[in-house]
Each structure stands twice: as C-alpha cells, then as structure tokens.
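Here is the structure we will look at, set down as structure tokens.
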Number of protein chains: 2
Amino acid sequence: MPIERRPLRDQIREELMLRLDRGDFAAGTDINEVALAGELGVSRTPLREALITLAGEGVLESNQGRGFRFAPVSRKEFRELCAIVAALEALALESSDPAYLEKIAPELLGLAQDFSDNIAERQDIERHDDEWHDLLLSGCGNERLLDLITSVKAGMRRYAHLMTGESTPLERAAEEHCRVAERLLDGDLEGAAAALRDNWVNGMERMMSRIP
Amino acid sequence: MPIERRPLRDQIREELMLRLDRGDFAAGTDINEVALAGELGVSRTPLREALITLAGEGVLESNQGRGFRFAPVSRKEFRELCAIVAALEALALESSDPAYLEKIAPELLGLAQDFSDNIAERQDIERHDDEWHDLLLSGCGNERLLDLITSVKAGMRRYAHLMTGESTPLERAAEEHCRVAERLLDGDLEGAAAALRDNWVNGMERMMSRIP
DNA sequence: ACTATGAATTCTGCATACAAAATATTACAT
DNA sequence: ATGTAATATTTTGTATGCAGAATTCATAGT
C-alpha cells in the first residue's frame with residue numbers, strides 16, 4: 001500500500017477543518033500558534049502555511065502583528081457567500097452535459113426523498129446535503145469551477161454548526177432538492193438551475209435568524 | 001505619515017505578480033526558492049508563504065518534493081476561467097445599486113470610447129481595461145464577491161501577456177464596453193449583465209488562437 | 001478608585017539550520 | 001556507445017532560533 005506522502009500543511013488544513021466542523025473553535029477566536037502546533041505535534045512552519053491557505057479561503061483572518069483568528073460571522077457575509085455559491089453552482093449545472101444530468105436525475109431524486117425520511121444528527125444531515133450537491137455537479141467538466149466552489153464552501157463551514165436541530169428547514173431543503181431533480185428528469189436545465197438558485201436563497205433566509 | 005507595516009509575504013506576492021505581468025516567468029517554469037529569495041533579499045519563509053497563497057489562486061502549482069512552478073497554460077483552463085469571471089462579474093453587476101450604475105454610466109461610456117482612440121502599449125491597454133471593469137463593479141456591496149473576482153483574475157494574468165499587438169480585438173472589446181455602458185444608461189440592468197457576459201465570452205474566443 | 005506609565009511577558013514574523021527527497025554525476029558493466 | 005547502479009549535489013519540507021511588536025501586569029500619581 002502506498003503510504004501517505006503529502007505536505008504536512010495539507011494534512012493540518014484538513015484536521016483544522018474537521019475540528020471546525022466539530023465546533024471546536026468559536027468564530028472570532030484567536031489562534032495561538034505555539035499551542036496549536038504543540039497540540040497537533042508539528043512545528044509552527046507547516047502550521048502557519050496551513051493557516052495562510054485557510055486565510056485565503058476566508059476561514060481565517062490575519063492582522064499584522066496579532067496573527068490569525070477565525071473570521072467572525074455576520075449576516076452580511078453569509079448572504080454574500082450564499083449569493084456566490086448560488087451563482088457558481090448554477091453555472092456548473094448549466095455547463096454540464098444534459099444527457100448525463102438526465103441519467104443521474106433519478107438518483108438525485110431518490111437521495112432527496114430519503115433525505116426527508118431519516119432526520120438524523122446534524123453532521124449526518126450536512127454530509128448528506130454535501131453529497132447530494134457533489135453528485136449534482138459531478139458532470140461539470142470545469143475543474144477550476146469545481147475547485148472554486150469547494151473553496152468558497154469551505155469559507156461557509158463556519159456557519160454550518162449554527163444550524164442546530166429543528167426539522168422544518170430540513171424538510172424544506174429536501175423539497176427543493178426534489179424540485180431540482182424533477183426539472184432535470186424533464187430535461188429542463190434552465191429550470192433546474194433556477195430551482196438550485198432558489199434552494200440557496202431559501203436556505204439563506206432560513207439560516208438568517210440564527211446568525212447574530 | 002504612517003510608515004508601511006504589512007507582512008513581507010504580501011509585498012512578495014505583489015512583486016511576483018508584477019514580474020509575472022512583465023513576462024519575466026514563462027508558464028511551466030520551476031521556481032528555485034533559494035535563488036528567488038536571494039534575488040528578492042528575503043528569507044525563504046515569507047517567500048514560501050507568498051508562493052502558497054499564489055498556489056491557492058491558481059497562479060502556481062505545487063508538487064510534493066519538487067516545489068512550486070508557474071502553472072502551465074491551456075485553452076481548457078482559459079475557457080474555464082473566462083466562464084467563471086463572466087458569471088461572477090454579471091452577479092456583481094446585478095447585485096449593484098441600479099441608481100448608482102446609471103450615475104456612472106456616462107463615465108463608463110466615455111472611458112470605453114477613448115479606449116478605442118489611443119491604441120497604446122499592451123500594459124496600458126490592460127490597465128485601462130482593468131480600471132474600466134473596476135469602475136463597473138465599484139457599486140457592488142458584496143465584498144467577498146469582489147475579493148473573489150480579483151483572486152480569480154489573478155489566476156488569469158498568466159494569459160495576459162499572450163495578448164500581443166494587433167488592434168482588432170482591442171476595438172471589438174471597446175465596442176462591447178460601450179454596449180454595456182449604453183444598457184446601463186437605459187437602466188437596463190439585465191441587458192447590461194448579458195452584454196458583460198458576451199464581452200467575456202468574445203474576449204475568450206479572440207484569445208483562443210494564441211494559446212498553445 | 002481610576003488612569004497613566006513603564007516593565008515584564010507573550011506571541012508573532014522572519015531568519016536560519018537540519019533532514020530527507022529528488023536530481024545530477026560518475027563509474028562501471030554490457 | 002548505452003544503460004545502470006552507486007554516489008554526490010541540489011533543493012525542498014520541516015524544525016528551531018531570534019528580534020521586535022503587542023499585550024498584560026504592576027506601580028505610581030491624581
């Protein structure tokens with residue numbers, strides 16, 4: 001088996017995102033480099049490299065002389081990010097092969113349906129939602145676009161753990177996913193893209209109240 | 001006067017982009033960290049930090065064990081990037097204040113017109129074009145979107161110096177800019193966004209032949 | 001009690017040092 | 001002459017070290 005050989009900075013970045021998803025860090029928290037490096041068992045150099053990439057994705061901020069901290073959340077920024085991914089995912093969908101989309105449409109519909117059935121843990125929900133979107137965009141040949149989408153979404157993960165329990169928003173999301181899938185079944189690409197945009201806009205509205 | 005106090009990595013990044021614009025580095029060139037650091041008069045640490053941010057923007061690639069190199073150019077990637085900025089700039093335009101847009105429309109038109117008049121150096125042309133687009137988007141309140149656009153455009157600069165002499169594409173671009181400005185004068189936001197998208201798509205087509 | 005000033009401490013930003021991987025070079029065998 | 005193995009060199013990836021900025025704490029003055 002090929003042993004893992006990739007830069008520490010990548011592994012560190014991954015681990016930090018994992019911890020962010022677990023809600024280990026509150027927004028606005030300063031990062032202590034020596035402490036975190038010690039905790040991770042690495043030196044400050046690759047840690048700082050990881051922090052810099054995260055800052056580039058908007059997960060962190062850096063200020064001269066006072067290091068890095070998790071970027072604070074705000075309704076304004078959340079709105080902005082939602083508008084961006086909405087546009088990017090719609091573009092990705094529109095530049096996908098229509099034939100391929102029709103082929104995966106049933107699967108998308110199925111996923112969306114048993115999405116509403118089992119109301120599980122928050123993390124499961126998110127994973128499920130992410131997988132659905134990934135599958136939806138799997139036919140897009142624009143690699144840079146897909147990379148960009150993942151990068152922007154990384155910047156949104158800070159908002160994920162604000163979405164606690166409550167099933168109503170979840171059911172609404174599942175409904176919207178169904179609507180997208182149905183449009184694709186009909187071969188209506190533009191309609192699907194519009195429905196996808198709606199999904200993001202509505203999702204934004206749903207979250208809004210929970211953000212300070 | 002407040003003296004300049006910002007991280008070396010930022011200044012280094014800026015300097016490298018400047019050199020990239022000057023055409024100092026060919027696409028695909030490997031970067032020798034010690035040599036470049038010496039040339040810039042800095043240590044490898046902040047240089048590597050700058051390289052990592054540039055890699056995040058797609059200007060560079062990094063491979064385990066063999067460092068950084070300027071990402072090779074390809075028609076496919078250029079197409080992809082154009083599609084992305086087209087969508088992002090259109091979004092920025094659509095989420096701007098219509099009243100403000102109408103106000104700056106005359107200026108945009110004027111700039112586009114004397115754009116075609118003086119056919120100057122390549123660098124001047126690019127600067128002029130950039131300024132026009134910056135002004136166009138200056139009314140967009142979505143800060144994250146504007147940041148993202150500059151970041152994606154940074155990844156496109158590798159293609160800029162391929163656009164040498166020849167005035168025809170330039171005149172076409174100016175025409176298209178005029179069209180966008182005219183739509184804005186009429187208060188036709190959607191039309192302007194569509195014209196803007198066209199500008200990017202056509203610009204892409206124009207460049208295509210010059211890319212290997 | 002509260003503010004201001006200055007020392008002590010903590011932490012970042014940058015430089016240097018070291019180890020391992022990748023590349024180049026040489027020697028040798030076919 | 002060509003290909004290959006062994007060795008030397010270069011270069012990256014990571015760790016450590018050091019100077020200065022930012023913060024904290026303590027003390028003095030009002």
Side-chain angles (χ1 to χ4, degrees), chain A residues 1-20 24-72 158, chain B residues 1-20 24-72 158:
Chain A
M1 102 189 166
I3 60 171
E4 187 171 61
R5 287 202 35 65
R6 68 183 167 134
L8 267 187
R9 58 172 179 274
D10 288 357
Q11 306 182 122
I12 294 173
R13 180 189 169 287
E14 204 164 296
E15 174 65 24
L16 289 179
M17 289 302 289
L18 225 71
R19 295 190 180 197
L20 181 65
D24 285 8
F25 317 99
T29 314
D30 300 8
I31 286 183
N32 184 323
E33 297 179 9
V34 286
L36 189 52
E39 204 177 313
L40 295 171
V42 297
S43 86
R44 281 179 58 215
T45 310
L47 170 60
R48 278 179 61 87
E49 294 183 346
L51 295 179
I52 285 169
T53 70
L54 287 175
E57 296 175 328
V59 179
L60 302 175
E61 300 184 336
S62 76
N63 296 68
Q64 167 69 275
R66 66 196 66 167
F68 299 87
R69 66 167 185 172
F70 284 87
R158 291 174 294 134
Chain B
M1 102 188 162
I3 61 170
E4 185 172 63
R5 287 202 39 64
R6 67 180 169 137
L8 265 187
R9 57 171 180 275
D10 288 356
Q11 302 179 172
I12 294 172
R13 180 189 169 286
E14 204 164 296
E15 173 64 23
L16 289 179
M17 288 303 288
L18 226 71
R19 296 190 180 196
L20 180 64
D24 285 8
F25 317 99
T29 313
D30 296 2
I31 286 183
N32 184 321
E33 297 180 8
V34 286
L36 189 53
E39 203 177 313
L40 296 171
V42 297
S43 87
R44 280 179 59 214
T45 310
L47 170 60
R48 279 179 62 87
E49 294 181 345
L51 296 179
I52 285 169
T53 68
L54 288 175
E57 297 176 328
V59 179
L60 301 175
E61 302 184 334
S62 76
N63 297 66
Q64 166 71 276
R66 65 196 67 167
F68 298 86
R69 66 166 185 172
F70 284 87
R158 291 174 294 135

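So you know, we letter chains A, B, ... as the sequences are listed, proteins then strands, and number each from 1.
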>> Against B:Leu47, only a single residue in B:Ile52, B:Leu36, B:Ile31 fulfils side chain to side chain contact (heavy atoms under 4.5 Å, CB included); can you say which?
In response: B:Leu36

>> Show, in sequence, the C-alpha distance, side-chain angles and deciding distance for A:Arg66 and A:Glu61, and conclude whether the salt bridge (charged side-chain N to carboxylate O under 4.0 Å, His left out) test is met.
In response: CA-CA 10 Å; A:Arg66 66 196 66 167; A:Glu61 300 184 336; over 6 Å; no

> Once you round it to whole Å, what is the distance between C1' of D:dT14 and CZ of A:Arg48?
Replying inline: 14 Å

> Could you state the CD-P distance from A:Gln11 to D:dG13, rounded to the nearest angstrom?
Replying inline: 13 Å

Output a table of nitrogen or oxygen pairs between the protein and nucleotides 19-23 of chain C separated by less than 3.5 Å.
none

>> Distance check needed: D:dT12 C1' versus B:Leu47 CG, whole Å only.
In response: 12 Å

>> Taking the side chain as everything from C-beta on, heavy atoms only, tell me whether B:Arg44 gets closer than 4.5 Å to B:Val34.
In response: yes

>> Using a strict heavy-atom distance below 4.0 Å, which residues from residues 29-37 of chain B are in contact with DNA chain C?
In response: none

>> The test is side chain to side chain contact (heavy atoms under 4.5 Å, CB included); show your working for B:Leu51 and B:Arg13 and say whether it passes.
In response: CA-CA 7 Å; B:Leu51 296 179; B:Arg13 180 189 169 286; over 6 Å; no

> What's the CZ-P distance between A:Phe68 and C:dT10, to the nearest Å?
Replying inline: 22 Å

Report, one pair per line, the protein and nucleotides 15-19 of chain D atoms (nitrogen or oxygen only) whose separation is under 3.5 Å.
unit_1 : atom_1 : unit_2  : atom_2 : d
D:dA15 : OP2    : A:Ser43 : N      : 2.8
D:dA15 : OP2    : A:Ser43 : OG     : 2.8
D:dA15 : N7     : A:Thr45 : OG1    : 2.8
D:dT16 : O4     : A:Thr45 : OG1    : 3.4

> Can you find a heavy atom in the side chain of B:Arg48 that is under 4.5 Å from one in the side chain of A:Thr45?
Replying inline: no

>> What is the distance, to the nearest angstrom, from the CZ atom on A:Arg69 to the C1' atom on D:dT23?
In response: 15 Å

> Roughly, in whole Å, what's the span from CD1 in B:Ile12 to C1' in C:dA15?
Replying inline: 12 Å

> So, do A:Leu8 and A:Gln11 sit near enough that their side-chain heavy atoms are less than 4.5 Å apart?
Replying inline: yes

>> Less than 4.0 angstrom from a charged side-chain N to a carboxylate O is my criterion; do B:Glu39 and B:Arg19 meet it?
In response: yes

> To the nearest 0.5 Å, what is the distance between CZ (A:Phe70) and CG (A:Asp24)?
Replying inline: 9.0 Å

> B:Leu60 has an atom CG; how far is it from atom C1' of D:dT12, in whole Å?
Replying inline: 15 Å

> With sugar-phosphate meaning primed atoms plus P, OP1 and OP2, does A:Asp10 contact a base, only sugar-phosphate, or nothing at under 4.0 Å between heavy atoms?
Replying inline: nothing

> For the salt bridge (charged side-chain N to carboxylate O under 4.0 Å, His left out) test, which of A:Glu15, A:Glu49, A:Glu14 pairs with A:Arg9?
Replying inline: A:Glu49

> Is the closest side-chain heavy-atom distance between B:Leu20 and B:Leu16 below 4.5 Å?
Replying inline: no

> Is there a side-chain contact between A:Arg158 and A:Phe25 (heavy atoms, below 4.5 Å)?
Replying inline: no

> Nearest-Å distance, CG (A:Leu51) to C1' (C:dG13)?
Replying inline: 13 Å

